[in-house]
Structures are given as structure tokens and as C-alpha cells.
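Structure first, commentary second.
Only heavy atoms go into these numbers, but all of them, side chains included; no hydrogens, no water, no symmetry mates. The structure displayed is predicted, hence computed values, not measured ones.
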Amino acid sequence: AAAGISAYAVALAGTVDSQCKFADSLKISFEDLQALGYAAGISGGSIDTISADLKTLSKTLDTSNPGTYSEALLQLGVSARKSNGEIKNSTELLLDLSDKFVGLSQKKAVDFGEKIGLDESTIRLLQTGREGINGLTNEAIALGGVLSDTASKDAADFNDALLKLRFGFFGIINTVTSKFFPVFTEIADKISGFVKANKEWIDLGIEQVLGGVIEGFDLFKNAISSVI
């Protein structure tokens with residue numbers, strides 16, 4: 001049981017560290033990412049699909065790189081800026097989109113979702129509206145499946161410590177192994193020299209061995225033939 005818990009802790013720390021760094025890159029909280037991952041799962045997706053779509057939405061906030069998804073936002077009447085002029089993050093933009101998608105027909109929701117580059121599960125999630133999304137994210141928190149930002153930092157620190165431990169361990173192995181390289185090289189050179197110096201005798205020995213094997217098979221074949 002202890003081994004199982006330890007293995008789970010190591011795997012969880014690695015996953016949490018990776019997801020936490022991803023959330024930081026989008027300037028969103030890790031708690032929001034986890035909760036949206038749960039909501040996405042209920043809608044037929046996963047934390048991976050919602051992460052990819054949040055990354056896609058973050059591109060729409062890059063005014064230096066306008067694209068089809070930006071045009072879709074304009075058509076929907078969704079702004080990339082808050083009322084105070086600040087740029088929204090991708091989770092804020094997601095909720096604003098849900099306000100629009102909840103009133104769209106199925107066809108229009110799919111069309112706009114595809115223009116923006118969203119997964120089918122995210123489109124279904126948006127169609128539940130802000131209230132539906134908030135309901136699912138709150139449920140994720142109530143179920144205890146959302147780690148706090150403090151816990152995620154502890155997991156990230158643990159994962160970094162494990163990486164340092166592994167790197168240090170392999171460093172010791174590499175140092176010890178490297179000491180044998182000259183010995184292995186000398187042995188390989190001696191074997192190679194022996195083969196070169198005695199190639200004629202080695203070839204002769206191989207021929208004799210193979211000749212004996214072939215002769216043995218011939219005798220066996222003749223013996224079988226005489227019986228049959």
C-alpha cells in the first residue's frame with residue numbers, strides 16, 4: 001500500500017507541476033484550470049482538450065496576430081478587453097463566450113466554435129452558459145478534486161526535488177561508469193589485436209568445426225535413409 005501511495009504521489013506531482021506551469025503561461029490560476037478540466041470532462045472532453053482550447057483563446061488576445069477566431073469574436077460581440085481597458089485572460093474570455101453561445105442554435109454554435117478552433121466538448125460546455133460552467137466548476141471544488149495553489153506549489157517543489165535527485169543519482173552512476181572506459185577500451189583493443197594476429201588460425205578452426213558439423217549431419221542423414 002505504501003509503495004502504491006508513493007507511486008501515485010510521484011505521478012501526481014509530475015502532472016500537477018506540468019499543469020501548473022501551463023496555467024502560469026496563460027496567466028490563469030491552477031485552481032481554475034483544474035475546475036474547468038472537470039467541467040470539460042462532464043461535457044465529453046478532458047483537461048487536455050480544455051487546456052488546448054484555453055491556449056487557442058489566448059491567441060485571440062494577441063492583437064498583433066489577428067485571425068479567423070478574432071473575426072468570430074467580433075461577430076459575436078465579445079471584446080478582448082475588460083471595461084477598464086485591461087486584456088482579459090483566457091478563462092474570462094471563455095465565460096464571456098458562454099454568455100453568447102447559450103443563446104445560439106446548435107448549427108451556429110458549432111460554426112462559431114470551429115472558426116475559433118474549439119473542441120466539440122468545449123462547444124457543448126459553452127452552450128450551458130456561464131451559470132452552467134460555474135455550476136460545474138463549483139461542483140469540482142465541492143468534491144475536493146481541486147488542489148489549492150499552495151498545494152500545487154508544494155507538488156511542483158516535490159517534483160523539482162525528485163528531478164534533482166534522479167539527476168544526481170545518474171551523475172554518480174555516470175562518474176563511476178566513466179572510470180571503467182579506459183579498461184574497457186584496453187580489453188577491446190587486445191581482443192581486436194588477438195583476432196587480427198590469429199585470423200588465419202581462427203578461420204582454420206572455424207572451418208574444421210563447421211566441417212565436423214556438416215559431416216555429422218551427413219552421417220545422421222545416411223543413417224536415417226538406411227532405416228527408411
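- If you run salt bridge (charged side-chain N to carboxylate O under 4.0 Å, His left out) between Asp96 and each of Lys88, Arg81, Lys82, only Lys88 comes through.
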| request: Report the C-alpha distance between Ser192 and Lys196 in whole Å, list the side-chain angles of each, state the deciding distance to 0.1 Å, and finish with yes or no for side-chain contact (heavy atoms from CB on, under 4.5 Å). | output: CA-CA 6 Å; Ser192 177; Lys196 288 179 181 178; 3.8 Å; yes

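- Within the 4.5 Å cutoff, side-chain heavy atoms of Gln19 are placed close to those of Leu33.
- For the pair Val102 and Gln127, the minimum side-chain heavy-atom distance is 4.5 Å or more.
- For the pair Leu126 and Leu118, the minimum side-chain heavy-atom distance is below 4.5 Å.
- The CH2 atom of Trp201 sits 9.0 Å away from the CD atom of Gln208 when rounded to the nearest 0.5 Å.
- Transitive grouping of hydrophobic side chains (ILVMFWY, heavy atoms separated by less than 4.5 Å) keeps Leu136 and Val146 in distinct clusters.
- The two residues Gly44 and Ser121 come nearest to each other via the heavy atoms C-CB, 3.7 Å.
- Between Ala72 and Lys115 the shortest heavy-atom distance is CB-CB, 4.1 Å.
- Rounding to the nearest 0.5 angstrom, the gap separating the CD1 atom in Ile42 from the CD atom in Glu139 is 6.5 Å.
- Rounded to the nearest 0.5 Å, atoms CG (Asp99) and CD (Glu131) are 11.0 Å apart.
- In this structure the side chain of Tyr38 reaches within 4.5 angstrom of the side chain of Leu143, judged on heavy atoms.
- Counting heavy atoms from C-beta on, the side chains of Leu54 and Thr122 never come closer than 4.5 Å.
- Through direct or relayed side-chain contacts under 4.5 Å between Ile, Leu, Val, Met, Phe, Trp and Tyr, Val110 connects to no other residue.
- Here Asp111 pairs with Lys107 in a salt bridge; the nearest charged N to carboxylate O distance falls below 4.0 Å.
- Counting all heavy atoms, side chain and backbone alike, Ala140 lies closest to Ala35 at CB-CA, 4.1 Å.
- Of all heavy-atom pairs between Gly113 and Ile123, the closest is CA-CD1, 3.7 Å.
- Within the structure, the salt bridge (charged side-chain N to carboxylate O under 4.0 Å, His left out) test picks out no pair touching residues 118-129 (sequence neighbours left out).
- One distance of note links CG of Leu76 with CD of Glu71; it measures 12.0 Å at 0.5 Å rounding.
- Interatomic distance, CG of Asp189 versus CZ of Phe194, reported as 15.0 Å (0.5 Å rounding).
- Nearest heavy atom pair, residue Ile50 against residue Ala40, reads CB-CB, 3.8 Å.
- A side-chain donor-acceptor contact under 3.5 Å links Asn89 to the backbone of Glu92.
- Contact check for Phe101 versus Lys108: no side-chain heavy atoms found under the 4.5 Å cut-off.
- At least one side-chain heavy atom of Ile133 sits less than 4.5 Å from a side-chain heavy atom of Leu36.
- Donor-acceptor pairing under 3.5 Å is recorded for the side chains of Asp32 and Ser29.
- The two residues Leu26 and Ser90 have their closest heavy-atom pair at CD1-OG, 4.1 Å.
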| said: Test side-chain contact (heavy atoms from CB on, under 4.5 Å) on Asp53 and Ile116; report intermediate values, then the result. | reply: CA-CA 9 Å; Asp53 286 345; Ile116 298 172; over 6 Å; no

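- Here the CG-CG distance, from Leu93 to Leu97, works out to 4.5 Å after rounding to the nearest 0.5 Å.
- Looking only at side-chain heavy atoms (C-beta outward), Thr49 and Ser46 come within less than 4.5 Å of each other.
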